[in-house]
Amino acid sequence: MASSTIPSGAHGDPTRRDFLMVATGAMAAVGAIATAWPFINNLNPAADTLALASIDVNVQPIAVGQAITVKWRGKPVFIRHRTPEEIKMAEDVKLSELPDPQTDTARVTDTARKVRPEWLIVVGVCTHLGCVPLGTNPGDPRGEYDGWFCPCHGSQYDTSGRIRKGPAPLNLAVPSYLFTSDTLVKIG
Amino acid sequence: MASSHGAPPVFNNKVVAWIDHRLPIFSYIEKEYHTFPTPRNFNYFWNFGAIATVMLVLMIVTGIVLATNYTPHVTMAFDSVERIMRDVPSGWLIRYMHMTGASFFFAAVYVHIFRGLYYGSYKAPRELLWILGVVILLLMMATAFMGYVLPWGQMSFWGATVITNLFSAIPVVGDSIVTWLWGGFAVDNPTLNRFFALHYLLPFIIVGVVALHVVALHVHGSNNPLGIDPKGPQDTVPFHPYYTMKDGFGVVCFLIVYAIFVFFMPNALGEAVNYVPANPLVTPNEIVPEWYLLPFYAILRAVPDKLGGVLCMFGAIAILFVVPWLDTSRVRSCTFRPIYKWFVFVLLIDVIVLGICGAHPPEGWYVPLSRIGTIYYFFHFLVLLPVLGKIERPLPMPPSIADAVLKKKVA
């Protein structure tokens, strides 16, 4: 790399000057990356945004067969009080039929590992491109699997919020939640 | 200040001469925009570079004025835009100019790109000029997308949600990238703030890349409808007054059409649902981008796989970067390419069909149509362009521009 005016080592071996050049350049690169980091990190969620990360919901008023939408981290979360038929439908599906195989039981277990099949809690954001699927309010289309139907690109979810048909790759996400009592659930 | 080709200009005004001796801006303008030898045979397609430049300036000026009354906050953004429309003096006009201006800026740029494709303006030695142009297109798309989010209507919010979610298709790190883009767990106030900052910044970056685009253009000069290089003074005219006048005329004609839209149908190109304030809990029945992004949106939806769709959509623009090397023909202008010429028009129709597909929900015929359109789009660039250049027999070319132009007049 040394130009012709700078003596190079015998047989083209690296000189002290070459070493100093590479070492200085490497330090400058490390420094540049270290300086860039705060600017990149600055765009990550702020502490107050992170602080909004959990909510408490009283599920007592939700009748069997009814569902509600609550807002968590700026996103809709569906809480559905499932009927026995809906639970049976979700449990009877063979895992081999599912694009994103997951048992119904795994999706209705809270962080204390207690299973409550009557309560399905999912993030109401289609895993395709983030629309809010229909099916929570009375009269909404629920799709062929009686769960949710996304109006944007036609993804269909079953009574366990699992993807069954359409472009979405994954099941509706289950947030971490904990029933602090039989009627109170903490999401997040 | 008389000058001829090659000789440095002499300025009679002493102040001008004093400045020019220290900072040769007057010499530069003289050389690049007055005496600059330009092919004598431009048609009106060559107006669109100048038109796009005028639109860029117009967008920056109207945008700065709008920013003085706009508030980038989720609770106030929508109302501040409505205040601009109703209460701020001339606010309605400035906003309609900006809104409609985005559409017309894209329209001008798309004609400019089509001109480049048809007349082979991307071929050696203008490859870098073309690549800078594609960079400008990408920057424009990013700027337009972020600008569309600012009024915080339903389509602003859900457009932002869908487009940022495209990045979640990236394996492993996708979700972290999306959270980073949002500055939260959904499109929200931090997202709006940063989009406003970037929407204000990017146009000036575009100005910088346009400057490089123009510098690269002036190294080898403009291409022309015949695609052959000027061989001497008989093939060129000075840029001023010939093309300053012709560009001026084109700009005025373009602005007349623009003004008709601004004054009589300012909302014709927009979506009515964006006059509904953003609601993060309700998705509109149909999410569609502005018309100038529809073909790419159709490509996104044509692919049944999420990651595949995203890759094809970005690939549709990325492929433009390598067009100079995909085209194997040594003939620039389609005037002398009897077969390829028609395929450029087929590509144009294909892009329009894709645009129509993008505007409709992906149901029924629109699904296979958008898939055929997507396949044809890539077929054009990856198969037709390299193969036709090898097998096509070009028409005989005139010996010079002057020869072709003067012969036409006699006949």
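Numbers restart at 1 for each chain; the letters A, B, ... are given by sequence-line order, proteins then strands. These values consider heavy atoms only, across backbone and side chains, with no hydrogens, waters or symmetry-generated copies. Treat the numbers as computed from the prediction; the structure is a model and nothing was measured.
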Where on [X] is there a heavy atom nearer than 4.5 Å to chain A: the side chain, the backbone, both, or neither?
{"X": "B/L166", "answer": "both"}
{"X": "B/W180", "answer": "both"}
{"X": "B/P361", "answer": "neither"}
{"X": "B/L300", "answer": "side chain"}

Verify the neighbour count for atom [atom1] of [X]: are there more than 12 heavy atoms of other residues, nucleotides or ligands below 6.0 Å?
{"X": "A/Q60", "atom1": "CD", "result": "no"}
{"X": "A/D92", "atom1": "CG", "result": "yes"}
{"X": "A/N58", "atom1": "CG", "result": "yes"}
{"X": "A/F39", "atom1": "CZ", "result": "no"}
{"X": "B/M76", "atom1": "CE", "result": "yes"}

How far does [atom1] of [X] sit from [atom2] of [Y], to the nearest 0.5 angstrom?
{"X": "B/I163", "Y": "A/L129", "atom1": "CD1", "atom2": "CG", "result": "8.0 Å"}
{"X": "B/L281", "Y": "A/K75", "atom1": "CG", "atom2": "NZ", "result": "13.0 Å"}
{"X": "A/T49", "Y": "B/D188", "atom1": "OG1", "atom2": "CG", "result": "7.5 Å"}

Counting heavy-atom pairs under 4.5 Å to chain B, which of A/N44, A/L43, A/V132 comes out on top?
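Counting heavy-atom pairs under 4.5 Å, the top option is A/L43.
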
I need the residue from A/I40, A/L134, A/N41, A/T136 with the largest number of non-hydrogen atom pairs under 4.5 Å to chain B.
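Top option by heavy-atom pairs under 4.5 Å: A/I40.
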
At their closest point, which heavy atom of [X] faces which heavy atom of [Y], and how far apart are they?
{"X": "A/P45", "Y": "B/G184", "answer": "CG-N, 3.6 Å"}
{"X": "B/A186", "Y": "A/R73", "answer": "CB-O, 3.9 Å"}
{"X": "B/P280", "Y": "A/P76", "answer": "O-CD, 4.0 Å"}

May I ask you to decide if A/T127's main-chain N or O and B/K306's side chain share a donor-acceptor pair within less than 3.5 Å?
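Present.
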
Side-chain touch A/C131/B/T161, heavy atoms, less than 4.5 angstrom:
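Not touching, per the 4.5 Å side-chain cut-off.
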
